[in-house]
Amino acid sequence: MKIGCFFPNTMATPAIRMFRRLEGVFCVYKPADVHWKLVRDTIETNLLKGVNATHPQPVPREVRFLVSSSDEPGAAKGLRVSPAAVPVLSKHPLVTGPEFQQIKVGVGHRLDTSSSGVLVLAVGNGNKTLNDLYNTRITRDYTLECEFGMATHDFSHTGRVLERSTYDHISEDKLERVTAMLEGANQKALRMYSTVDMGSQEAYEMAAKGLLGPDGKSAPILTGLRCIHFQPPKFTLEVQCLNETQKYLRKVVHEIGLELRSTAVCKGVRRTRDGLFTLQDALTRHHWSAADVMEAIYKYHSSKRNQKKILFPIRESTLETSGSRLTGTHQNKDAAAG
Amino acid sequence: MTMSTSAKLCLRWRGLLFSKTSTRLQCFQVQRCNSAASSASISSGLFLNHNLTTTHTRIKIKHQKCCYNNLTSKHLTTEAKEDKYKDLSRTDVIEYKPALSPRTDAFSVSEHVISLDLDVAEEYSALEEISDEEAAGISIPANIPPASNSLRDYVDKSETLTKLVQLGVHLWKLEQRPNVGSMLLRLDFNTDVAPRLLFLKQIGVENSRLGYIITHNPFILTADLDNLQARVNYLKSKKFSSETVASMVSRAPFLLSFSVKRLDNRLGFYQQQLKLSASNTRDIVARLPRLLCGSLEPVKENLKVCEIELGFKQNEIQHMVIAVPKVLTANKKKLTQIFDYLHNTMKVPHHLITKFPQVLNTKFLRLRERHLFLEYLEKAQYDPTLARYISLDRLVSLPDETFCTELALATLDDFYLFQKTL
């Protein structure tokens, strides 16, 4: 039974060769209301199906001697030993089981059940790369669909409603003021959590390059926050953040509502980018078969060869303000299509 | 030769006999014994060959010749003598008992062994010429471990297992279940397995399905033939045709393992609870024979859910069950989730759901994606009285491409892109 690691003296069967092509990092689009573990298990099952469906090795044969005593008159007296090539059943696939019974599939930054979006997965040796990726300081992009008018106990629209309020007094201008204020506070936190002395030349140089930031675990920091669509009661925010959880993002929405002297809930959290993996590379539910995953991993390997390995720097404001106001969905659809 | 070293030897041999796993056997092998020349011959026999199985055979030979004369050990030589295998497995069990004797016996055994070993060396010489019959008659014990956690070690030597593999039984799945492996080894092909396979063939089960049936229900090979016949007769008395019985047994391997009383109980339940006619009951049971195998509690719960929570009337439930019997065994949570989405979000009334019960059988994600896509394109219209009506069964049963081109009038790529915005 192979668990995706090999002893050097096994022969490279077609299944093993296919598994080698499957090792790497790729990303999928996790649907909402599905636990991330279910996604990981489904991918593992599909990969196992693909790898075990390769042409099975023929059962090795061995020569055995059948001894029979001859009773026919006139035949040579004594024993007759006849050789026969018999398949060795202990190596038959119905006795040993399929070649692969488990494949190591690892998950990067997790998404909670009600969120959707880009989820990075790694197969086999790719888990080492994933581990390094997980520990580097790269930001993630989210789109938050929000609504004014109520406050719930878990900050999402399916929770128990605690308070309702009016929102007629809120204008886009006020919202922008609040988001700018939050962004400023977060930038300050960014500098505070970095391990460099703020008064030094080193800090200035790092800040100029955009390399200031917390090392390892810290409080969640939003490096960028802006509103991309405003149509009361609904509005959409785009966030870039570090060390976050989806619950924290919903809490931010709630706090924005409070700042505006009203209340707000978050209806949907959608991750559009995790490090260098974007929506464009993400595989939807219909493309979770072994062949599609192999293609995605091939693309990842070839892109890795093409680009230089640089640490993804945190820039001050990575968002260009677009002239016309598009809905969040339309914009992402175009971005993904383009 | 000191007592302590001989005791060590015996304990080692005892350990070799008792140990269930090969790893334990190996660590006993590695132990070296610095003993006198008389025991050196024995120890050299143990340590010369690092192949685990052959040292094991040598131990067996010594034991059989010297110590355990009361056992008539029949060894496996070729496939011709395979029927004796089952005796050996029984003697394996018996073999352990004499070795459990207290230490004094072990000491005497070791002395006995040592003295006889020297005699053996005098009587037989490897260079002696013997006739062919004698050569073929030398019994070579097969290198089979007395206990193993896999059937791989026994499959080549056991006729039953070989024939089962040829039938297509997944032995790797069966050996993971406790006790099933040992049970299969103890069966004799001609007296146990063959009559039952013949019985299944007589009922009308195809050859290709025999492997599937045994993989899922290996205990059919130990069931009483009279009971099996009685159950088949009962089903035929309820006017199930022979082909129907054959197909039911092929698809639900556990069917014949249930008593006549239980089968009767279930058939009666379905007929009374759902108030179906006899022919309708026969129909749904023939299409989903699993209904007779599982417990009735989940079915009762599902019926209650349909009536109370979902609000369907009796005749609607009847109609749905006749069209899609799987509704009875569906997961309660998934059923309520799909119904909730259909009724409250998609605003589909009860009578439409009754008309298309297969919509309760689909995956929830599939339904949600397609509905949201149609809603985005402003084509989500499920009322047959209005224009541009989309029927529920086509909504869920069509494959993606046909759904996109015919119902949504969009391309497949657009559908995938839309999914990334949900």
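First the proteins, then the strands, lettered A, B, ... as listed; each starts at 1.
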**Request:** Walk me through it: do B/Thr421 and A/Arg270 pass the test side chain to side chain donor-acceptor pair (under 3.5 Å)?
**Result:** CA-CA 8 Å; B/Thr421 65; A/Arg270 195 161 63 94; 5.6 Å; no

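- Ring geometry for A/Phe235 against A/Phe230 counts as tilted: the plane angle lies between 30° and 60°, on a 0 to 90° scale.
- Using cut-offs of 30° and 60° on the angle between ring planes, the pair B/His371 and B/Tyr341 is perpendicular.
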**Prompt:** Would A/Arg250 and A/Ser114 count as a side chain to side chain donor-acceptor pair (under 3.5 Å) if you check the C-alpha gap in whole Å, the side-chain angles of each, and the deciding distance to 0.1 Å?
**Reply:** CA-CA 11 Å; A/Arg250 291 193 196 100; A/Ser114 50; 3.0 Å; yes

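- Taking a 6.0 Å sphere around NZ of A/Lys234, one finds it holds 12 or fewer heavy atoms contributed by other residues, nucleotides or ligands.
- Between the A/Lys267 side chain and the A/Glu145 main chain, no donor and acceptor come within less than 3.5 Å of each other.
- Looking at B/Arg368, the atoms closer than 4.5 Å to chain A (heavy atoms on both sides) all sit in the side chain, from C-beta outward.
- Counting heavy-atom pairs closer than 4.5 Å to chain B, the top-ranked of the candidates A/Ala32, A/Ser90, A/Pro31 is A/Ser90.
- For A/Tyr29 (side chain) and B/Lys420 (main-chain N/O), a donor-acceptor pair under 3.5 Å exists by modelled atom type.
- Looking at B/Asp153, there are no atoms closer than 4.5 Å to chain A (heavy atoms on both sides), in backbone or side chain.
- Residue A/Val118 does not touch chain B at all, counting heavy-atom pairs closer than 4.5 Å.
- Looking only at heavy-atom pairs under 4.5 Å with chain B, the residue among A/His287, A/Lys91, A/His92, A/Arg285 that has the most is A/Arg285.
- Heavy atoms of other residues, nucleotides or ligands lying less than 6.0 angstrom from CD of B/Gln166 number more than 12.
- Interface with chain A: from residues 172-184 of chain B, residues B/Trp172, B/Glu175, B/Gln176 qualify, criterion being any non-hydrogen pair under 4.5 Å.
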